[in-house]
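As structure tokens, the structure follows; a few thoughts come after it.
In the text below, chain A, chain B and the rest are named by the order of the sequence lines, each starting its count at 1.
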There are 2 protein chains.
Amino acid sequence: MTGNDDVPRTPLAHRVPDLGALELLLAVARHGSLGRAARDVGITQPAASSRVRSMERQLGVALLDRSPRGSRLTEAGALVTDWARRVVDAAEAFDAGAQALRDRRDSRLRVAASMTIAEYLLPGWLIALREERPDTAVSLLAGNSAAVARRLVTGEADLGFVEGLSIPEGLDGTVIAHDRLVVVVAPGHPWARRRTPLLPGELAATPLILREHGSGTRQVLDAALAVHGGLAQPLLELSSTTAVKGAAESGAGPCVLSELALGEELSARRLVQVPVAGVRLRRQLRAVWPGGHRPTGPARDLLSLTGRGG
Amino acid sequence: MTGNDDVPRTPLAHRVPDLGALELLLAVARHGSLGRAARDVGITQPAASSRVRSMERQLGVALLDRSPRGSRLTEAGALVTDWARRVVDAAEAFDAGAQALRDRRDSRLRVAASMTIAEYLLPGWLIALREERPDTAVSLLAGNSAAVARRLVTGEADLGFVEGLSIPEGLDGTVIAHDRLVVVVAPGHPWARRRTPLLPGELAATPLILREHGSGTRQVLDAALAVHGGLAQPLLELSSTTAVKGAAESGAGPCVLSELALGEELSARRLVQVPVAGVRLRRQLRAVWPGGHRPTGPARDLLSLTGRGG
DNA sequence: ATGAGGTCATAAGCTGACTTTATGACCGGC
DNA sequence: GCCGGTCATAAAGTCAGCTTATGACCTCAT
């Protein structure tokens, strides 16, 4: 339905070393020695030696210059290591998010966040928080703005994050970041080659791939284009940000998404941004808390990590 | 030396499911059924069932609502799936890069690129290229601008990518993107809270963490600050972008880096951008090729994926 | 030069995770 | 009521990776 059945898709996991191996490689790069790296990741030196060797066999490239004085990365090894770091970083974000999810019930800091923020920003913040306060257990509840507000009011959560134009009733808050909505298309789409910005009327008149009604993204877009004739009938209405990206990438048509959700797709040119003139597609990202008192303790720590409110 | 010995670092790989499991989870999300997902990733249905089950045990969270009509993601499952997607995306970039590296000798499209581009942009482009032209074998050589130019002139490479102010002698080229240098500090640094932009003089007078002399990043910075008194004595001179980031994150001081290298660190607030006034810290990213004739064949395909030069 | 301390590689045996095949239980539609 | 789909369970085989034990090599200091 979304045209998302993808490529032939050969088994990726067989061509990429597992996380343990990638971590080991990073450790070798850090320490300059297989043995020290092995100790760092908690295995023995022969295990590390063997593991790196199979990685080299798998990739078909020499990664290390072994010498009796230690091991240094080859030129290819340096590149591979950097790609490995990105995988490990993503895995760390995964872990941080999962940890929060796991400790849902018995934790000390309970965060409620909108889906977009929970997906794209929170895991990174949680990694940072864990470095500063390793003993803080964080739980995470995801939902729309109304759900976040309700959970704060009822005391089910200590701190919330929402996108949107205003602060929900009964809460205090502060703007922590801005988020732009951008129009993107697949590289093959005619709009990808445009030099002149899209006009609001043009955008409004074009059928787009959108999140379903009620999503924060769509509300902002609706409001911004109301004066230009309102949105055209959508091309597709999908239920998740990722589904929208997938449809757009496979060439179904243009879509409008938060730039937060588009980092990798844009730099990898899987999607291309289309300039737009004369419409303000910014929205605020806010931290919110129960009215009256500023957050304290772990909630304040997390807040300060997001850039505001130390 | 760089303060990069990091956290206690418990074994990450034991807390994050392996790539195969994550891929399986994505397949389940796509197909709505364990059995179909199993076929998709090339294993049997019981294996898939068991694997998802251990993932749920490992994470301590139910991921799937199983029913006789299929399996759908739980709310937690949806979040986990999105984090998983980022890991798998990173793994795909890893694979694409590695593939190119592996086919170095016998491939048809030979690309030479500067380190920064090879690290942060090329793997994504290669993924896109493989989708359009699955049979194109790509090889990748990384080096500095001079090395890229030499390889193009001698016919060792078909297409090159360089950062920098001008096109190397004997080559033609086109600007494919711009890249800004940004000043970043750890969240705890005083500059992280600045409201007023940094003045050029201030920046020039402050000891910074820098790449070693000769790096493209440093050249641009040198040139831009020459009129404001030139760079102060560096705080640290490190040999890789990642080392610079690591030092800055651990609070050693401010550093200046390409925004390409900072995507995740900025959104995760592990590093914070400091506004700067009155200095132009942009540089061009160029595709280059041997003088005279525009690239053809796979080289042109890749070029068009980067946004210019269809 | 000779021994100490560092490096990495190899060999052998063990463990455990993941797989497949073969079932069974459950639900919904015809 | 039976068929086609779903997922779960059980038993048995395979294989990758681990550990322990050892050896070879280089460098430095004595």
Side-chain angles (χ1 to χ4, degrees), chain A residues 10-74 77 81 84 88 91, chain B residues 10-74 77 81 84 88 91:
Chain A
T10 75
L12 175 65
H14 295 169
R15 292 173 306 170
V16 177
D18 62 58
L19 282 171
L22 299 182
E23 253 191 314
L24 173 62
L25 180 62
L26 297 187
V28 174
R30 266 201 310 280
H31 290 119
S33 146
L34 272 172
R36 300 180 76 80
R39 235 169 302 140
D40 190 357
V41 304
I43 61 178
T44 59
Q45 173 267 320
S49 175
S50 143
R51 213 162 181 188
V52 170
R53 195 164 277 293
S54 26
M55 217 183 331
E56 287 177 319
R57 219 172 342 109
Q58 186 179 19
L59 299 178
V61 173
L63 300 174
L64 296 180
D65 271 335
R66 288 120 167 124
S67 90
R69 292 205 316 286
S71 298
R72 298 200 61 75
L73 294 173
T74 62
T81 301
V88 170
Chain B
T10 75
L12 175 65
H14 295 170
R15 292 173 306 172
V16 177
D18 62 58
L19 281 172
L22 299 182
E23 251 191 316
L24 173 61
L25 180 61
L26 297 187
V28 174
R30 267 201 309 280
H31 291 117
S33 146
L34 272 171
R36 301 181 78 79
R39 236 169 299 142
D40 189 357
V41 303
I43 61 176
T44 59
Q45 172 268 319
S49 174
S50 143
R51 213 161 180 187
V52 171
R53 195 164 277 293
S54 30
M55 218 182 331
E56 288 177 318
R57 216 168 348 107
Q58 186 179 16
L59 300 177
V61 173
L63 300 174
L64 259 41
D65 272 335
R66 286 115 167 134
S67 90
R69 291 203 316 285
S71 297
R72 298 200 62 73
L73 293 173
T74 62
T81 301
V88 170

*Under the side-chain hydrogen bond (donor to acceptor under 3.5 Å, both in side chains) rule, what pairs show up with a residue in residues 48-60 of chain B, not counting sequence neighbours?*
B/Asp18-B/Arg51, B/Glu56-B/Arg66
*C/dT7 phosphate, OP1 or OP2, under 4.0 Å from A/Arg66 side-chain N/O*: no
*Which nucleotide in the list C/dA9, D/dA8, D/dC7 gets nearest to the side chain of B/Arg53?*
D/dA8
*Find out whether B/Leu73 and B/Asp65 are in side-chain contact, i.e. whether some heavy atom of one side chain is under 4.5 Å from a heavy atom of the other.*
no
*N/O (side chain, A/Ser50) to phosphate O (OP1/OP2, C/dA9) under 4.0 Å*: no
*Are any non-hydrogen side-chain atoms of A/Leu26 and A/Thr81 less than 4.5 angstrom apart?*
yes
_Measure CD/A/Gln58 against P/D/dA16 and give the value in whole Å, please._
11 Å
*Just how far is it from atom CG of A/Leu64 to atom OG of A/Ser71, taken to the nearest 0.5 Å?*
5.0 Å
_Could you tell me how far apart A/His31 (NE2) and C/dT7 (P) are, to the nearest whole angstrom?_
12 Å
*Atom-pair distance (CG on B/Leu22; P on C/dC18), nearest Å*: 12 Å
*Between P of C/dC8 and CG of A/Leu63, the distance in whole Å*: 14 Å
_Nucleotide C/dT19, atom C1' - distance to NE2 of A/His14 in whole Å_ = 11 Å
*Reading nucleotides 20-26 of chain C from the 5' end, what letters show protein touch, with B for base, S for backbone sugar-phosphate only, - for no heavy atom under 4.0 Å?*
BBB----
*Which of the following nucleotides, C/dC8, C/dC18, D/dC7, is nearest to the side chain of B/Arg51?*
C/dC18
_Given 3.5 Å as the limit, does a donor-acceptor pair link the side chain of A/Thr74 with the main chain of A/Leu63, or not?_
yes
*Nearest non-hydrogen partners of A/Pro17 and B/Leu19, listed with the distance*: O-CD1, 3.9 Å
*Under 4.0 angstrom, heavy atoms only, what part of the nucleic acid is B/Ser33 near: base, sugar-phosphate, or nothing?*
sugar-phosphate
*What closest approach, in Å, do A/Ala91 and B/Val16 show between heavy atoms, and which atom pair accounts for it?*
O-CG2, 3.7 Å
_Under 4.0 angstrom between A/Ser49 side-chain N/O and C/dA9 OP1 or OP2_ = yes
*Nearest-angstrom distance from the residue atom CG of A/Leu24 to P of D/dG17*: 12 Å
*Quick one: side-chain contact (heavy atoms from CB on, under 4.5 Å) partners of A/Arg39, sequence neighbours excluded?*
A/Arg36
Every protein N/O lying under 3.5 Å from an N/O of nucleotides 28-30 of chain D:
none

*Distance in angstrom units between A/Met55 CE and C/dA9 C1', rounded*: 16 Å
*Can you name the residues that form a side-chain contact (heavy atoms from CB on, under 4.5 Å) with B/Ala48, not counting sequence neighbours?*
B/Leu24, B/Leu34, B/Ala38, B/Ile43
*Atom-pair distance (CZ on A/Arg36; C1' on C/dC8), nearest Å*: 15 Å
